[in-house]
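Any value given below was found using the heavy atoms of this structure, including those in side chains, with hydrogens, waters and symmetry copies removed. Throughout, a chain's letter reflects where its sequence line sits, starting with A, and its residues are numbered from 1.
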Amino acid sequence: MFVEVVLDIPLDRTFYYKVPEVISYPPEVGKRVIVPFGANDLLRTGIIVSVKDDVDFPEEKIKELFDIPDDFPLFTPSCLELCRFVSDYYGGYFGETLFSFLPGGFEVTESLFVKLSEPTPSVKLTENEKKIVETLKNSSGKLKVSTLRRRVKLSSFYQVLRNLVSKSVVVREELIKRDSVPRERFAVFVKDGEVRGKKSRELLHYLKEKGKESVNTLKALDFSLQVINGLVKKGLIEIVEEKVTLENRLWELKDTKKIKLTPSQEKAFKELVGAKEGKFLLYGVTGSGKMEVYLKVAYEVVKRGKSVLILVPELLLTPELRARVESYFGKNIGIYHGKLTPKEKVSTWLKALRGEVKVFIGTRGAVMLPIKDLGLIVVDEEQDSSYKEQQKPYYHAREVALKRGEIEKFPVLLVSATPSVETYYRSKLGEIKLLELKERVSTVPLPYIKLVNLQETERISIFSKELLAAIENTVKKGEQVLLFINRRGFFAKSFCLNCGYVAECSDCSVPLVYHKSERKLICHLCGKRYEPIYRCPKCGKRLDFFGYGTERVEEELRILFPKFRVVRLDQDTVKNPEVGARLIKEIKEGKYDVIVGTQIATKGHNFPKLTLVGVLLADLLGGAPDYRTSERIFQLIVHTTGRAGRFKPGAAIVQALKPDLPAVKYAATYKFDEFYREELTAREFLGFPPFTKTLLLEFQLEKLAEFKKLREKFEKIKNELSLFFSVSDLTPAPLPKVSGRYRFTSFLRTSSEEKLMKGVAVIKERFPSTFSGIRYKIEVEPMRIV
DNA sequence: AGCACGCCGACT
DNA sequence: GTCGGCGTGCTC
């Protein structure tokens, strides 16, 4: 018997292994397998994709697998299919994709180390050999071979190392990193004997009857570890370790809460409960009770014996959210996010496989959890950018969730108050069924929003007189103020603080990026170069926008209102989770009057005393310039102003240099549909998603001298790629050197998913994972264009 | 990815 | 002539 195995290697190929007589568990598709690989037969972890009696491959070349360590598959067949899709769509390799989703705790890897021998034989060494020996000495004499190679940077590295081994100056050592799959300990009856204690006698009797019982169960039955160990010492019982096996456990559902739904909630609820499959968008403003609807639907799904997965943005996986889900489903909830330890991830993964838990909450990576009998995925705040993985394989969890629903035939529900433009468009096309919540559940009205034109009003720094008065009034009433400033982006150099002017490409209408090395403003879509502008062409003021962030706002605020208690809530202050939690607790307790914050302050937390929100510079661009800027500004204003007056009526002041921008204007007047309509018109005109599919190629060079090679190769392939894409020129990235590498990018667009996938396949074929020492990555539907 | 092999120029 | 830089190809 043979198994076909996928390994964590950047290759679109599988490998065959012979199944030996003795293995822990029989082979099965989706199971983990430990195999020897390569010239050194180092052990690696793979995933079985097929089990066969015969294979079309010379049998003498086929090695025997080492072990199949589990009696359950780690991936369900549909998860394998989903990973295959993710690989093809996002331009990754099957194995890489599988292992990027699989918790590291499942991996067994053997790697080769070398260490200096003791005592060191006195032999003559060449210069290169000395280099290696020196590097080893600097690292306590032992290093992983791959690390050593990176450090010494010799092209004939392996040759030199082999010489050192034959001279016995260094010795090889194979080390295995074991998995962290929990093993359960069992007490096994060995023989009868005299024991004194009552508990000990009881335990021995119990085990004599049952033969074997898990130590955890015994502990639950009130046999202490001392009692158990006592019998072990006497040799009457034994402890054996066994791997956990899959067993179905019953799951109890708590009583549902009686919540009255509004008519539109009821309508959405009925539609969703009746759906066997399909894509849905639950669209409604803050306070329209979206979460109640999806939790009630989830409850019904669980009642039918199916499982539910709730995906949330990174910053939203808070204790509050958990408590809310627990109010429906009790403590029996699986949590999965990137910050868990490998062990914790393994634990949730196993819970999913066993069906031990029926409700899972997680961030993007949870979309691949091998959940048994999945009956619904909810993607809350579907527009959130944290659903996009920023590393290989660059998948978008919302898209993967939709695909998973298609494959496994269950409904997928996207939820948002401000859907992404893509999702909104698909709902207009009817690809996604729109469920709109028109009324608000809350009796508290939406905050009143005042839009202030910073160019026309009296102001001190960036505080308009309207805002200053409002801050003063609010704090005097004993209520809180949140001042929001978008984090200053590295790229915002061509932005005028006085009038809001942004330098844009005359052809593409994308903000230009300043390249320090060339002292040019460059368009990253067409590559057009412009002379940098140091003075605003509209108002003549100096373009000086360095460092206008939360810190400066805080500083100015302390001068303007010396008596107010001000707190800053941004990346810097909440870096430490404990400090962040403390600050948030203190804010809720009313220990501060004014909160100055970035996005972090606007997500997930409800501050009861907060009744005034000030958006300081609504139209300030954050981060990299791209076609989503407008959408992001819109969403940011809506979310930030929505923080005001959750529990009693509140107000928001939105300050902008260009209050006429659709994103600002429509967000401040609650005219959402108008915003989407205008934004879609602009996107269609300029050829951006959802009207095109996009792809970013990024090449990384060790030395600038390699650029010539890259350009030659790129030009050749560009012709071929032009069959599928419109391809921009190779452009140096604005931060040319990141971690010592020079980055060059090209932005590609195409009209259909089909062309995109074909084009991706061509790129993979033409550019091996490294070619001529040049590394590169494919990013499909990137969140950036540079 | 990680490693072996084989082809060229340049140097003991 | 060999050494080592570099590109190419294989891994069941």
Side-chain angles (χ1 to χ4, degrees), chain A residues 1-20 27 33-68 87 92-100 104 107 109-114 124-132 143-166 172 174-175 177 391-393 700-703 705-706 708-710 712-713 764-777:
Chain A
M1 194 161 29
F2 301 92
V3 286
E4 188 183 1
V5 175
V6 181
L7 294 165
D8 188 6
I9 280 172
L11 273 180
D12 273 324
R13 279 178 49 196
T14 53
F15 296 92
Y16 294 114
Y17 284 90
K18 216 174 293 180
V19 182
V33 63
I34 316 295
V35 295
F37 187 72
N40 290 317
D41 277 346
L42 294 177
L43 296 181
R44 282 166 171 268
T45 309
I47 300 292
I48 299 175
V49 289
S50 75
V51 182
K52 299 178 171 183
D53 288 324
D54 303 287
V55 292
D56 185 21
F57 194 78
E59 213 177 310
E60 65 281 3
K61 283 191 186 170
I62 301 182
K63 295 177 185 174
E64 272 193 349
L65 64 86
F66 179 76
D67 196 19
I68 294 170
S87 316
Y93 296 93
F94 193 24
E96 275 184 342
T97 304
L98 281 173
F99 281 89
S100 75
E107 267 179 271
T109 32
E110 188 178 22
S111 32
L112 198 58
F113 285 72
V114 283
K124 268 197 184 160
L125 298 177
T126 65
E127 280 307 306
N128 286 340
E129 288 170 356
K130 274 182 197 159
K131 248 192 202 169
I132 289 183
L143 270 181
K144 205 168 170 174
V145 172
S146 49
T147 317
L148 183 63
R149 189 172 73 125
R150 237 178 297 126
R151 298 237 179 119
V152 295
K153 282 197 175 157
L154 277 175
S155 47
S156 55
F157 171 78
Y158 292 105
Q159 191 65 46
V160 183
L161 190 62
R162 267 201 304 278
N163 292 343
L164 281 170
V165 173
S166 61
R172 294 163 40 121
E174 289 95 5
L175 283 179
K177 181 195 133 282
Q391 298 163 17
K392 261 188 180 179
Q700 300 168 357
L701 308 183
E702 296 270 352
K703 295 172 219 135
E706 294 170 326
K708 218 183 135 202
K709 258 193 315 196
L710 172 62
E712 277 168 22
K713 178 124 182 171
K764 272 165 74 175
E765 206 184 301
R766 288 287 173 264
F767 295 110
S769 54
T770 59
F771 60 94
S772 316
I774 298 168
R775 286 212 255 173
Y776 84 104
K777 45 193 181 191

Residue whose closest nucleotide on DNA chain B lies nearer the 5' end, A/Leu11 versus A/Arg162
A/Leu11
Please work out which residues in residues 43-60 of chain A have a non-hydrogen atom less than 4.0 Å from an atom of DNA chain C and list them by number.
A/Phe57
Got a sec, which residues hit side-chain contact (heavy atoms from CB on, under 4.5 Å) with A/Lys144, two or more places apart in sequence or on another chain?
A/Ser111, A/Phe113, A/Ser146, A/Thr147
Considering residues at least two apart in sequence or located in another chain, which fulfil the salt bridge (charged side-chain N to carboxylate O under 4.0 Å, His left out) criterion with A/Arg150?
none
Partner set under salt bridge (charged side-chain N to carboxylate O under 4.0 Å, His left out) for A/Glu96, not counting sequence neighbours
A/Lys392
For DNA chain B, note the earliest and the latest nucleotide, 5' to 3', having some atom under 4.0 Å of a heavy atom belonging to chain A.
B/dA1 to B/dA4
Salt bridge (charged side-chain N to carboxylate O under 4.0 Å, His left out) partners of A/Glu765, counting only residues at least two apart
none
Quick one: side-chain contact (heavy atoms from CB on, under 4.5 Å) partners of A/Glu712, sequence neighbours excluded?
A/Lys708
Can you list the residues that meet the side-chain hydrogen bond (donor to acceptor under 3.5 Å, both in side chains) rule with A/Ser87, with sequence neighbours excluded?
A/Thr97
For chain A, the stretch of DNA chain C it reaches, first to last nucleotide, under 4.0 Å of its heavy atoms
C/dG4 to C/dC12
For the residue pair A/Lys177 and A/Gly104, what are the closest heavy atoms and their distance?
NZ-O, 3.7 Å
With sequence neighbours left out, what residues match A/Asp41 under salt bridge (charged side-chain N to carboxylate O under 4.0 Å, His left out)?
A/Lys63
I want to confirm an ordering. Mapping A/Val160 and A/Lys709 to their closest nucleotides on DNA chain C, which one lands closer to the 5' end?
A/Val160
Listed pairs under 3.5 Å, donor-acceptor, residues 45-57 of chain A side chains, sequence neighbours left out:
| from | atom 1 | to | atom 2 | distance (Å) |
| --- | --- | --- | --- | --- |
| A/Thr45 | OG1 | A/Val108 | N | 2.6 |
| A/Thr45 | OG1 | A/Val108 | O | 2.5 |
| A/Ser50 | OG | A/Glu4 | OE1 | 2.7 |

Who pairs with A/Lys713 by side-chain contact (heavy atoms from CB on, under 4.5 Å), at least two apart in sequence or on another chain?
A/Ile717, A/Phe767, A/Phe771
